[in-house]
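Given the structure is predicted, the values throughout are model-derived calculations rather than measurements.
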Amino acid sequence: MDIYPFAQRQFDEHLKSNRYPGRGLVIGRSDTEAAWLQIYWIMGRSASSQNRRFVAVGPTLRTEPIDPKGIADPSLLIYEAMLELPGRYLVSNGDQTRTLYETLSADGTFEAAQAQRQREPDAPHYTPRITGLLTLLPDEQSLTLGILKANPADAALTDRFSYRPALPPAGLGVGLTTYAGDGNPIPCFRGDPLLLPCKGSVEAVLHAYWEALNPEYRVALAVKRIPNDGRASTILVRNRFDG
């Protein structure tokens, strides 16, 4: 099986042809240089959700309001989306990025951080919390993904799923989105993590994912470049409402 066409089909079906995959993250390996990539984007249907942009300061990516008065619930919309610890690169769609950062700093585990949190309390959608961790330590190189979803029988409960896929080859990444598509309530993501392309330069990857997202709902997208040789990471950002 040629895995690259399969990844492109998943990209086309779940992102390019999907009206509303929601927020999404991908962790992958560059095919043009010795580097890893973390991709994160936000989409929004409401004016409040669209009233945001990404701001990158060093290795940290955060969301920021364009008009602070237009944010309905800052606790769900304003957060650090990417953080770093030595050899560990974190990305998520909410303030659970900080929970994971603090848990790992105290020698805890990914699953211990997940256990502290629940799906978002935004009834009736109950948006999933999606989280990714890339570990590049001398004694461990691994990729971990997690999703917290409302239990289908009782939305007051949270189902917690963790995935530890093998590290992808160059030009591929593994990712999650919050939703399966548009709707009311919005159907949450289902199934295993997606295998997705990460081909070309950082700029090319950002452009490909940006163009794949529905222009009516896309808000911001970022790609973090993480060199294999330990040099500092860099973040490239595109915001819908900048300029």
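Between Arg164 and Thr144 the shortest heavy-atom distance is NH1-OG1, 2.9 Å. Between Leu61 and Ala222 the shortest heavy-atom distance is CD2-CB, 3.6 Å. Between Leu37 and Cys198 the shortest heavy-atom distance is CD1-CB, 4.2 Å. The shortest non-hydrogen separation linking Pro227 to Ser233 is CD-CA, 4.2 Å. Between Leu143 and Pro168, the shortest heavy-atom distance links the atoms CD1-CD, 4.0 Å. For the pair Ser49 and Gly44, the tightest heavy-atom approach, listed with the atom from each and the gap, is CB-CA, 3.7 Å.
Clustering ILVMFWY residues whenever any of their side-chain heavy atoms sit less than 4.5 angstrom apart, transitively, puts Leu236 in the very cluster that holds Ile42. Tracing side-chain contacts under 4.5 Å through hydrophobic residues (I, L, V, M, F, W, Y), one never reaches Leu77 starting from Val219; they form parts of separate clusters. Criterion: ILVMFWY side-chain heavy atoms under 4.5 Å apart, direct or through other members. Under it, Leu148 and Leu83 are not part of a common hydrophobic cluster. By the rule that hydrophobic residues join a cluster once side-chain heavy atoms approach within less than 4.5 Å of another member, Leu145 and Leu167 end up as members of one cluster. Hydrophobic clustering (ILVMFWY, side-chain heavy atoms < 4.5 Å, transitive): Ile78 and Leu25 are in distinct clusters.
Between the Ser162 side chain and the Glu111 main chain, no donor and acceptor come within less than 3.5 Å of each other. Remark: side-chain polar atoms of Arg62 are not paired, donor with acceptor, to backbone N or O of Val55 under 3.5 angstrom. Checking side-chain atoms of Thr97 against main-chain N and O of Glu80 turns up a donor-acceptor pair under 3.5 Å. Distance alone, capped at 3.5 Å, places no donor-acceptor pair between the Ser17 side chain and the His14 backbone.
Here NZ of Lys224 is found 13.0 Å from CD1 of Ile39. Values are rounded to the nearest 0.5 Å. Here Arg119 contributes atom CZ and Arg160 contributes atom CZ; the two are 10.0 Å apart, rounded to the nearest 0.5 Å. One distance of note links CD1 of Ile130 with CD of Gln96; it measures 8.5 Å at 0.5 Å rounding. Taking CZ from Arg240 and CH2 from Trp210, the interatomic distance works out to 7.5 Å, rounded to the nearest 0.5 Å. The structure places OG1 of Thr177 at 11.0 Å from CZ of Arg23, a figure rounded to the nearest 0.5 Å. Atom CG of Asp95 sits about 9.5 Å away from atom OH of Tyr79, to the nearest 0.5 Å.
In this pair, Tyr20 and Tyr179 present their aromatic rings parallel. The plane angle is below 30°, not in the 30 to 60° band.
The closest side-chain heavy-atom distance from Asp73 to Asp122 is not below 4.5 Å. The shortest side-chain heavy-atom distance between Ile27 and Tyr89 does not fall under the 4.5 Å cut-off. The closest side-chain heavy-atom distance from Asn93 to Arg129 is below 4.5 Å. Side-chain contact check for Arg19 versus Glu216: some heavy-atom pair is nearer than 4.5 Å. Inter-residue side-chain proximity for Trp41 and Val26 is flagged as met; some heavy-atom pair is nearer than 4.5 Å. Within the 4.5 Å cutoff, the side chain of Arg238 has no heavy atoms near those of the Phe54 side chain. Side-chain contact check for Asp182 versus Arg45: some heavy-atom pair is nearer than 4.5 Å. By the 4.5 Å heavy-atom criterion applied to side chains, Thr178 and His125 are not counted as neighbours.
Atom NZ of Lys199 sits in a crowded spot, with more than 12 heavy atoms from other residues, nucleotides or ligands closer than 6.0 Å. Atom CG of Asp107 has 12 or fewer neighbouring heavy atoms from other residues, nucleotides or ligands inside a 6.0 Å radius.
Cation-pi geometry between Arg98 and Tyr101 is met: under 6.0 angstrom from the ring centre, within 45 degrees of the axis.
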Residue pair Asp31, Tyr4: steps toward the side-chain contact (heavy atoms from CB on, under 4.5 Å) verdict: CA-CA 12 Å; Asp31 69 343; Tyr4 292 95; over 6 Å; no
Worked verdict on Leu90 versus Leu104 for side-chain contact (heavy atoms from CB on, under 4.5 Å): CA-CA 10 Å; Leu90 294 58; Leu104 295 176; 4.3 Å; yes
Ser30/Thr32 under side chain to side chain donor-acceptor pair (under 3.5 Å): CA gap, chis, key distance, verdict: CA-CA 6 Å; Ser30 172; Thr32 62; 3.2 Å; yes
Verdict with supporting geometry, Arg52 and Phe241, side-chain contact (heavy atoms from CB on, under 4.5 Å): CA-CA 8 Å; Arg52 294 180 293 166; Phe241 297 112; over 6 Å; no
Step-by-step side-chain contact (heavy atoms from CB on, under 4.5 Å) determination, Leu195 to Val174: CA-CA 5 Å; Leu195 188 64; Val174 184; 4.3 Å; yes
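When the options Leu133, Ile235, Ile226 are evaluated for a side chain to side chain contact (heavy atoms under 4.5 Å, CB included) with Gln38, the one that passes is Ile226.
Side chains of Thr99 and Arg117: a donor on one and an acceptor on the other come within 3.5 Å.
Applying the side-chain hydrogen bond (donor to acceptor under 3.5 Å, both in side chains) test to residues at least two apart or on different chains, the pairs with a partner in residues 145-158 are Asn151-Asp159.
Arg225 pairs by the side-chain hydrogen bond (donor to acceptor under 3.5 Å, both in side chains) definition with Glu33, not counting sequence neighbours.
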